[in-house]
Structures are given as structure tokens and as C-alpha cells.
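Notes for the one structure printed next.
Every number for a ligand or one of its atoms is a count from 1 in the order of the listing.
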Amino acid sequence: MKQQLNKNLDEVIWNIEQARIHVNEHHIVKLVAVGKYSDEENIKTLYALGQRAFGENQVQQLEERMHHLEALPLEWHMIGTLQSNKINKLIELRPALFQSLDSLKLALALNQRLAEKNQSMNALLQINSANEASKSGVSSDEALDIYAQIQQECPNINLKGVMSIGALSEDRKVIQNSFESTYKIYESLKQHGAKICSMGMSNDYELAIQCGSNLVRVGSKIFK
Ligand SMILES: *Cc1c(COP(=O)(O)O)cnc(C)c1O
């Protein structure tokens with residue numbers, strides 16, 4: 001298994017490298033390894049191979065893993081939908097980045113709890129740029145307004161940029177359109193401090209990087 005993980009990680013890093021150099025030499029892309037299909041042993045193995053940033057899509061699993069692996073200097077990302085009854089738990093965990101802030105309502109609730117605890121949290125606004133009913137996130141049309149509103153009304157949330165999941169499609173062009181739509185929004189938000197454009201998963205991270213992503217969330221291609 002260790003050899004397999006080593007090979008997978010090398011391959012993903014190599015592909016990221018090719019894609020980012022193609023954009024330009026200074027385009028740096030961060031890899032967040034998504035461990036949801038895997039176990040703690042494999043996360044430890046990846047750590048030994050040099051990987052530091054990991055993502056989970058459930059607060060419960062994030063909590064267990066952060067706890068069991070707390071001896072390792074890992075950087076944890078919450079990437080899944082946050083139920084409002086898990087807000088306090090997430091705040092306790094202090095993830096490096098909450099990537100899936102998906103509505104103004106959630107932002108207001110999160111901000112209130114953060115303020116009560118005198119804490120802050122780094123977050124990305126999730127955009128549903130493919131406009132799919134099955135996905136959470138704000139619509140592309142509303143994204144700029146909601147981003148500005150969160151910045152004004154939620155001083156305990158540090159918005160760092162945007163996150164999006166590519167369109168669920170066999171057609172590369174359709175996926176590309178969804179990434180380009182998110183990137184456009186990210187570009188307009190740069191003047192408001194946006195630094196992170198999180199797009200791309202196992203099946204589309206190279207395309208996402210070509211479209212300007214600077215953070216990819218890769219699970220199955222690494223842990224398979
Ligand atoms: C599971 C998940 C990923 C990783 O998915 P793969 O296709 O296995 O790479 C990335 N982002 C989010 C939000 C996820 O839930």
C-alpha cells in the first residue's frame with residue numbers, strides 16, 4: 001500500500017506540475033489530499049511522503065482524525081456541507097480553512113458563534129457555478145454581492161477566496177465553462193483580498209488548473 005500511495009502521489013504531483021507550468025512558472029498550486037475514502041494509516045503514510053494538507057467533508061470524521069493524528073503537524077481543511085448543528089464543533093476544531101461556506105445564512109450563524117467565542121475562521125465562499133440542484137453553494141449571479149455582504153457583516157470570518165465543484169458532466173467543455181465562471185468571479189474578488197481559488201478534484205484537477213485554480217482537492221486518485 002505504501003508503494004501504491006507513493007506512486008499515486010508522485011503521479012498527481014507530476015500532473016499538477018505540468019498543468020501549473022503551462023499556466024506560468026509563478027502559478028503555484030496547493031494540493032489538499034482528501035482522505036474521506038481512506039483511513040488514518042494511509043494519511044500517516046502520506047505525511048511520511050511529505051504531504052501536509054488534508055481535507056475531510058464531514059465534521060465527525062474531521063474531529064476523529066484531527067484528534068488521532070494530532071501529534072503530526074498537519075493542516076486540516078473542512079470541505080463538505082456544514083449542518084448548522086455542527087457549527088460549534090467546527091469552531092472547536094479550528095481547521096486551517098473552511099472551504100465550503102455555502103450561504104449568507106450559514107455565514108451569519110457561524111459569525112455569531114465565532115464572536116461569542118472570540119475566535120475567527122478562514123473560509124472560502126462556495127459557488128455553485130454549474131447551477132446544479134444537487135450541489136450547495138451560492139449562485140454565480142449572487143456570489144459577488146454575498147461575498148461583500150459577508151465581509152461587511154461577518155468580521156469574525158476571514159474570507160480568503162472561493163471554492164467550486166466542477167460540473168458533473170462527461171463533456172469537458174461543460175466542466176471547463178463551470179471552472180471559467182468561478183475563475184471570473186475570483187478575479188473580480190482579488191481586489192477585495194481573495195487569494196484562493198479552490199477548484200479541481202480527481203477527474204478534473206488538471207483542467208481546473210488550466211482555468212486558474214490554485215488549490216486542488218484530490219481524493220480517489222491518491223488513495224485508490
Ligand atoms: C470528496 C471530495 C473531493 C475529492 O474527490 P475525488 O474525486 O475523490 O478527488 C473534493 N472536494 C470535495 C468537496 C469532496 O467532497
So which heavy atom in the protein is nearest [atom], and how far is it from that ligand atom?
| atom | answer |
| --- | --- |
| atom 12 (C) of ligand 1 | I79 CD1, 3.5 Å |
| atom 9 (O) of ligand 1 | S202 OG, 2.6 Å |
| atom 11 (N) of ligand 1 | R217 NE, 2.9 Å |
| atom 2 (C) of ligand 1 | K36 NZ, 2.5 Å |
| atom 5 (O) of ligand 1 | M201 CE, 3.5 Å |

- Between E11 and N15, a side-chain donor and acceptor under 3.5 Å: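 No pair is found: no donor N or O on one side chain lies under 3.5 Å from an acceptor on the other.
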
Between the main-chain N or O of [Y] and the side-chain N or O of [X], is there a donor-acceptor pair closer than 3.5 Å?
| X | Y | answer |
| --- | --- | --- |
| S213 | M199 | yes |
| N214 | I196 | no |
| D204 | L207 | no |
| N158 | N122 | no |
| K86 | Q60 | no |

Give yes or no for whether the N/O distance cutoff of 3.5 Å, strictly under, is met between [X] and ligand 1.
| X | result |
| --- | --- |
| N203 | no |
| V34 | no |
| K221 | no |

- Message: Closer than 4.0 Å to some heavy atom of V218 - which atoms of ligand 1 meet that?
- Response: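 Atoms satisfying the 4.0 Å criterion: 9 (O).
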
- Query: Looking only at heavy atoms of Y37, does any of them come nearer than 4.0 Å to an atom of ligand 1?
  - Reply: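 A heavy atom of Y37 does come that close to ligand 1.
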
- First locate atom CZ of R217, then atom NZ of K36, and finally report the distance between them rounded to the nearest 0.5 Å.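 The CZ atom of R217 sits 9.0 Å away from the NZ atom of K36.
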
